[in-house]
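Taking it in order: structure first as structure tokens, then the write-up.
Note on naming: letters A, B, ... go to the chains in the order of the sequence lines (proteins, then strands), and numbering restarts at 1 for each one.
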Number of protein chains: 2
Amino acid sequence: MKQNPSKQKVIKAASTLFFQKGFHGTSVRDIAERASVNVSSISYYFNSKQGLLEYAVTNYYENYLFTIEKTFNETNLLTPIDKLHSLISTIIQYKQNNYQLTCFIQRELSLDSVFVREMTVTYLAKENFYLKNIFFELLGERLKNDYKQYLFMQLKGMLITPYILHNDWKNQVVGDYSHQLFVKKYVRVIKDWLDFTVMSGEGIKRKAVY
Amino acid sequence: MKQNPSKQKVIKAASTLFFQKGFHGTSVRDIAERASVNVSSISYYFNSKQGLLEYAVTNYYENYLFTIEKTFNETNLLTPIDKLHSLISTIIQYKQNNYQLTCFIQRELSLDSVFVREMTVTYLAKENFYLKNIFFELLGERLKNDYKQYLFMQLKGMLITPYILHNDWKNQVVGDYSHQLFVKKYVRVIKDWLDFTVMSGEGIKRKAVY
DNA sequence: AATATATCCTTCATTTTTCACTCGACAAAT
DNA sequence: ATTTGTCGAGTGAAAAATGAAGGATATATT
């Protein structure tokens, strides 16, 4: 796993710069300079700027899905709701561990390009699969399908907002931006929402839902 | 208020292209072509590509804040919670009416540039002001300040997710992407969350919050 | 009313800048 | 000695910006 240091340096530099300035906003020269390597190295390792992007993103998602699947399989003995909690925790954890790439990719995903569409069908479809089934199962039969979709989007929103509103988060969420602490607390916030939502789905307390 | 049609055409074209391909991903030629005007017109009206961006964004936010302030002042007779609901409704409404710019700006805001920072202090600070005070007031005294911040971020997240996960929304939220219908339904989803959250803040039902 | 003047808008041609990528030489490692 | 990695210079294309000139329209002057 110990790769060429230059290659790693390039990826690291690219992650940071893409995160700060976006893909098109960053030039290969910028990356090379930050990584303290020659510009040509980038072509050498990744063929092109686009190649570098694809390498980084693919890598990110492969590990991402692997991590999710792992948790998914390890939590078969838990109740559905606990299983979902575990998945959420794993996801936030992973994203926090790969903070810059997460922010960058999330932003880039909102564009309209071939690359994005490929990523979506290849990786995001799977992520969706793991979450959606279990979430819908938890919601039960009482709610309208329509409304369930909205709730699901709400959940997905919670899984990404820290990586989109990251400026707000930094400013608002006082002091402790230690990753571990953040994961713990934020997962808790989602958990509270989730428990309430599922409870509503079971017909308790919430009246006349659509 | 009836401005030069060419100028308007440029802004419209730019909004669409920035939305699809991002700021750096779009060339002024693309914009000029789509708007059916000469390339130099853009320099003429906005000095530069950057100038065009700033004009569009500034304009967007001026109106945005104006709309919020209007609602804010018109709802003084309502209870705090209803006032907040009104504000949320207004915000979603506005964003939906300026869909492409909203998506684009939201994405761009997650970058790290001087321009973004300026926008943040100039406009987003005010938006924050209107929402935060009232939201915190509603939450009461029981919750830890820390936790309130998280809840507030959760709220802000809900106000933007449709404009960041717009690909997901299009795919998932079945059929009806009619703006009016969407506003109505989505505001309802947020309302449910809000009512629950406020209720928890008052100490009902939710136990051992932090 | 007719002409002159100024202002606003558009176009074309050109320059300047930026950027991704290539090439061939050189060095290090195996 | 062959592979692997590094480097500087260079190329061509793309894109932004400029500037001068031409038209249109409105305003002012006689």
Side-chain angles (χ1 to χ4, degrees), chain A residues 1-59 101 104-105 107-108 111-116 118, chain B residues 1-59 104 107-108 111-116 118:
Chain A
M1 198 59 188
K2 180 77 181 295
Q3 291 213 28
N4 184 300
S6 283
K7 199 173 177 180
Q8 288 307 109
K9 274 198 293 181
V10 169
I11 294 178
K12 187 138 184 287
S15 301
T16 304
L17 289 172
F18 287 165
F19 163 64
Q20 286 173 357
K21 318 203 283 178
F23 179 69
H24 288 292
T26 308
S27 72
V28 286
R29 304 190 117 78
D30 291 341
I31 301 173
E33 192 177 352
R34 182 169 239 273
S36 314
V37 301
N38 190 279
V39 214
S40 315
S41 310
I42 295 175
S43 307
Y44 180 72
Y45 287 115
F46 308 101
N47 287 319
S48 64
K49 189 185 172 188
Q50 181 73 21
L52 165 56
L53 171 71
E54 291 177 11
Y55 182 92
V57 174
T58 303
N59 209 43
L101 260 184
F104 162 64
I105 292 176
R107 177 174 56 219
E108 218 69 12
L111 290 173
D112 182 26
S113 69
V114 234
F115 181 58
V116 166
E118 281 172 8
Chain B
M1 199 60 189
K2 180 78 181 295
Q3 289 213 29
N4 184 298
S6 282
K7 201 173 176 180
Q8 289 306 108
K9 273 197 293 179
V10 170
I11 293 177
K12 186 139 185 285
S15 302
T16 305
L17 289 172
F18 287 164
F19 163 64
Q20 286 172 358
K21 318 202 283 177
F23 179 69
H24 288 291
T26 308
S27 74
V28 285
R29 305 187 119 78
D30 291 341
I31 300 173
E33 193 177 352
R34 182 170 239 273
S36 314
V37 301
N38 191 282
V39 214
S40 308
S41 307
I42 295 176
S43 307
Y44 177 73
Y45 287 116
F46 310 101
N47 287 319
S48 63
K49 190 184 170 188
Q50 181 74 20
L52 165 55
L53 171 71
E54 292 176 12
Y55 183 93
V57 174
T58 304
N59 209 43
F104 162 63
R107 177 174 56 219
E108 218 69 11
L111 290 174
D112 182 26
S113 68
V114 244
F115 181 57
V116 166
E118 282 172 9

What is the distance, to the nearest angstrom, from the [atom1] atom on [X] to the [atom2] atom on [N]?
{"X": "F46(A)", "N": "dT6(D)", "atom1": "CZ", "atom2": "P", "value": "11 Å"}
{"X": "Y44(A)", "N": "dG8(D)", "atom1": "OH", "atom2": "P", "value": "17 Å"}
{"X": "I31(B)", "N": "dA17(D)", "atom1": "CD1", "atom2": "P", "value": "11 Å"}
{"X": "I42(A)", "N": "dG5(D)", "atom1": "CD1", "atom2": "C1'", "value": "14 Å"}
{"X": "Y45(B)", "N": "dA17(D)", "atom1": "OH", "atom2": "P", "value": "18 Å"}
{"X": "E33(A)", "N": "dT6(D)", "atom1": "CD", "atom2": "P", "value": "17 Å"}

* Asked: With sequence neighbours left out, which residue pairs that include part of residues 22-44 of chain B fulfil the ring-ring contact (aromatic ring centres under 6.0 Å, His included) condition?
  ->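 Applying ring-ring contact (aromatic ring centres under 6.0 Å, His included) to every pair that reaches into residues 22-44 of chain B, excluding sequence neighbours, yields F18(B)-F23(B).
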* Sub-4.5 Å side-chain heavy-atom contact between F115(A) and Q50(A) ->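 Yes, side chains in contact.
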* Any side-chain heavy-atom pair of F104(A) and L53(A) under 4.5 Å ->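 Yes. Closest side-chain heavy atoms under 4.5 Å.
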* Asked: Near DNA chain C, under 4.0 Å by heavy atom, which residues of residues 12-20 of chain A?
  ->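 Here the set is empty: none.
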* Partners of K49(A) by salt bridge (charged side-chain N to carboxylate O under 4.0 Å, His left out), sequence neighbours excluded? ->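 If we apply the salt bridge (charged side-chain N to carboxylate O under 4.0 Å, His left out) test to K49(A), skipping adjacent residues, there are no hits.
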* Asked: Mind checking what makes side chain to side chain contact (heavy atoms under 4.5 Å, CB included) contact with A32(A), not counting sequence neighbours?
  ->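 In terms of side chain to side chain contact (heavy atoms under 4.5 Å, CB included), with neighbours along the sequence ignored, A32(A) is linked to V37(A), V39(A), I42(A).
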* N/O donor-acceptor pair under 3.5 Å between R34(B) side chain and K12(B) backbone ->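 No: the side chain of R34(B) does not pair with the backbone of K12(B).
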Pick out the pairs of N or O atoms, protein on one side and nucleotides 16-25 of chain C on the other, that lie under 3.5 Å.
{"residue": "dA20(C)", "atom": "OP1", "partner": "T26(A)", "partner atom": "O", "Å": "3.4"}
{"residue": "dA20(C)", "atom": "OP1", "partner": "K49(A)", "partner atom": "NZ", "Å": "2.9"}
{"residue": "dA20(C)", "atom": "OP2", "partner": "V28(A)", "partner atom": "N", "Å": "2.8"}
{"residue": "dA20(C)", "atom": "N7", "partner": "R29(A)", "partner atom": "NH1", "Å": "3.1"}
{"residue": "dC21(C)", "atom": "OP2", "partner": "K49(A)", "partner atom": "N", "Å": "2.9"}
{"residue": "dT22(C)", "atom": "O4", "partner": "S40(A)", "partner atom": "OG", "Å": "3.4"}

* Asked: Of all heavy-atom pairs between L52(B) and F46(B), which one has the smallest distance, and what is that distance?
  ->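 Smallest heavy-atom distance, with atoms named: N-CB, 3.4 Å.
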* Of all pairs that satisfy salt bridge (Lys or Arg N to Asp or Glu O under 4.0 Å), the ones with a partner from residues 16-28 of chain B, not counting sequence neighbours ->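 Counting only pairs at least two positions apart or across chains, the salt bridge (Lys or Arg N to Asp or Glu O under 4.0 Å) contacts touching residues 16-28 of chain B are K21(B)-D30(B).
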